[in-house]
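The block underneath contains the structure these notes are about, expressed in structure tokens.
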Amino acid sequence: MKKFIKAQLASFSGTAIDFSTTIVSVEVFNHWYVSSNLAGNILGGLTNFTLGRIWVFQARGEKLHLQAFRYVLVWIGNIILNTSGVFVLTHYMSISYIYSKVIVSLFVSVGWNYFLQKHFVFK
């Protein structure tokens with residue numbers, strides 16, 4: 001349970017970077033919400049990987065490039081799920097991109113990221 005809580009805190013940190021990047025990109029720089037979401041996902045993912053490797057799973061003993069490769073595989077799925085989910089909810093259901101991002105992020109974080117990071121990336 002302690003590891004799950006730490007993983008959620010790391011995920012929250014990555015999400016904070018992700019969301020702030022997305023919102024600033026859209027609201028300040030007037031970029032398209034889909035490309036802004038992608039940029040946020042990338043920066044948030046880098047944050048989450050670093051925290052997961054060092055703090056959550058304490059997996060510094062394994063080679064960085066192997067973990068990074070596995071993380072990228074999981075992360076590609078994460079980006080596809082997040083970006084397409086935000087697009088579908090925003091474009092087809094007329095939900096604000098911010099609310100769409102919150103909804104999709106919650107599902108992807110618990111249902112995809114945590115389990116694959118624990119059992120595949122930082123095993």
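This one's a predicted model, so the numbers in the text were calculated from it and none came from an experiment.
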query: How many angstroms lie between atom CG of N37 and atom CG of N82, to the nearest 0.5 angstrom?
result: 6.0 Å
field: Stepwise side chain to side chain contact (heavy atoms under 4.5 Å, CB included) check, V34 with V86
entry: CA-CA 8 Å; V34 174; V86 167; 5.9 Å; no
With H31 via side chain to side chain donor-acceptor pair (under 3.5 Å) - residues at least two apart: S25
Cluster check I103, L81: I/L/V/M/F/W/Y, side chain < 4.5 angstrom: yes
- request: Describe, in one word, how the ring planes of Y114 and F4 are oriented to each other, choosing from parallel (under 30°), tilted (30 to 60°) and perpendicular (over 60°).
  value: perpendicular
query: With a 4.5 Å heavy-atom cut-off, do I76 and I80 have their side chains touching?
result: yes
- prompt: Tell me, do V74 and W112 make a side-chain contact under 4.5 Å, heavy atoms counted?
  reply: yes
message: Looking at every heavy atom in both G85 and V104, which two are closest together, and how far apart are they?
response: C-CG2, 3.6 Å
message: Please verify the inter-ring angle class for H91 with F87; under 30° counts as parallel, over 60° as perpendicular, anything in between as tilted.
response: parallel
message: Test of understanding: with ring-ring contact (aromatic ring centres under 6.0 Å, His included), list the residues that count as partners of F57, not counting sequence neighbours.
response: F122
message: I'd like to know if the side chain of S20 reaches the main chain of I17, judged simply by a donor and an acceptor atom lying under 3.5 Å from each other, with no hydrogens or angles considered.
response: yes
- prompt: Applying the 4.5 Å side-chain criterion to the ILVMFWY set and letting contacts propagate, would V72 and V121 be lumped into a single cluster?
  reply: yes
task: Measure the CD1-CD1 distance between I42 and I79 for me, rounded to the nearest 0.5 Å.
output: 5.5 Å
message: Quick one, Y99 and L89 - any side-chain contact, counting heavy atoms below 4.5 Å?
response: no
message: Looking at K123 and K118, would you say the former's side chain and the latter's main chain have a donor-acceptor pair under 3.5 Å?
response: no
message: Quick check: is L38 connected to L46 through a chain of hydrophobic side chains (ILVMFWY, heavy atoms under 4.5 Å apart)?
response: yes
task: Working to the nearest 0.5 Å, report the span between NZ of K3 and CD of Q58.
output: 7.5 Å
message: Suppose the criterion is side chain to side chain donor-acceptor pair (under 3.5 Å): which pairs have a residue in residues 9-18, not counting sequence neighbours?
response: S11-S109, D18-T22, D18-N41, D18-K101
query: How far apart are the closest heavy atoms of I98 and F19, and which atoms are they?
result: O-CE2, 4.4 Å
T90 vs I95 side-chain heavy atoms within contact, under 4.5 Å: no
task: For the residue pair K6 and M1, establish whether any side-chain heavy-atom pair is separated by less than 4.5 Å.
output: no
query: How long is the span from the CG atom in L73 to the CG atom in N78, to the nearest 0.5 Å?
result: 12.5 Å
query: Can V56 be reached from I54 by stepping across I, L, V, M, F, W or Y side chains whose heavy atoms are under 4.5 Å apart?
result: no
query: Does the pair N48 and Y71 meet the rule for a side chain to side chain contact (heavy atoms under 4.5 Å, CB included), with working shown?
result: CA-CA 10 Å; N48 187 265; Y71 187 85; 3.4 Å; yes
query: Is L43 reachable from L51 through a run of I, L, V, M, F, W or Y residues, each pair having side-chain heavy atoms under 4.5 Å apart?
result: no
statement: d(Y33 OH, T83 OG1) to nearest 0.5 Å is 10.5 Å
statement: Smallest heavy-atom separation, V110 atom then Q8 atom, equals CG2-OE1, 4.1 Å
- request: Kindly determine whether L64 and R53 satisfy side chain to side chain contact (heavy atoms under 4.5 Å, CB included), including the steps that lead there.
  value: CA-CA 9 Å; L64 176 64; R53 183 173 199 272; 3.4 Å; yes
